[in-house]
Trainee: 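Provided herewith is a single structure, encoded as structure tokens, for subsequent inquiry.
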Amino acid sequence: RSWAESGGPAERVVALAEQARVEEIVTGSGGTHGSWWRVRDSVPNLVLRHAPCSVMIVDTRAAQ
């Protein structure tokens, strides 16, 4: 399924995961490379910290 949502990406992913009662979220790591200060507020990290389920962050550097 796909659709458009308004709002912050991490917030929307977490809210939709709660609503749909998903077992796992898989997200790419795009843009999360570098120092801790750049990574800590990235979408994948925010999803990881707030998700109601398991989260797999896939390293997307090879695909870029």
Side-chain angles (χ1 to χ4, degrees):
R1 300 185 296 181
S2 64
W3 60 89
E5 293 279 335
S6 61
E11 179 183 323
R12 294 308 307 145
V13 168
V14 170
L16 289 169
E18 289 172 346
Q19 291 171 5
R21 296 183 181 181
V22 300
E23 294 181 18
E24 183 174 37
I25 297 169
V26 179
T27 184
S29 63
T32 62
H33 314 295
S35 71
W36 166 248
W37 298 111
R38 278 189 32 211
V39 172
R40 73 180 179 137
D41 291 330
S42 67
V43 171
N45 196 33
L46 291 170
V47 169
L48 179 65
R49 291 195 323 236
H50 299 287
C53 58
S54 298
V55 176
M56 178 186 296
I57 299 175
V58 179
D59 185 356
T60 56
R61 286 179 291 188
Q64 293 177 356

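Remember, it's a predicted structure, so these values are computed and weren't measured experimentally. Numbering of residues begins at 1 and proceeds along the displayed sequence.
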Trainee: Evaluate N45 against D41 for side-chain contact (heavy atoms from CB on, under 4.5 Å), listing each step before the verdict.
Mentor: CA-CA 6 Å; N45 196 33; D41 291 330; over 6 Å; no

Trainee: Where do I57 and S29 come nearest, in terms of heavy atoms and distance?
Mentor: CG2-CB, 3.8 Å

Trainee: What side-chain donor-acceptor pairs closer than 3.5 Å can you find for residues 4-15, not counting sequence neighbours?
Mentor:
{"from": "E5", "atom 1": "OE1", "to": "R12", "atom 2": "NE", "distance (Å)": "3.2"}
{"from": "E5", "atom 1": "OE1", "to": "R12", "atom 2": "NH2", "distance (Å)": "2.9"}
{"from": "E5", "atom 1": "OE2", "to": "W3", "atom 2": "NE1", "distance (Å)": "2.7"}

Trainee: Tell me if the CD atom of E23 is crowded by more than 12 foreign heavy atoms within 6.0 Å.
Mentor: no

Trainee: Report the residues that fulfil side chain to side chain contact (heavy atoms under 4.5 Å, CB included) with V22, sequence neighbours left out, ordered by chain and then residue number.
Mentor: A17, A20, I25, C53

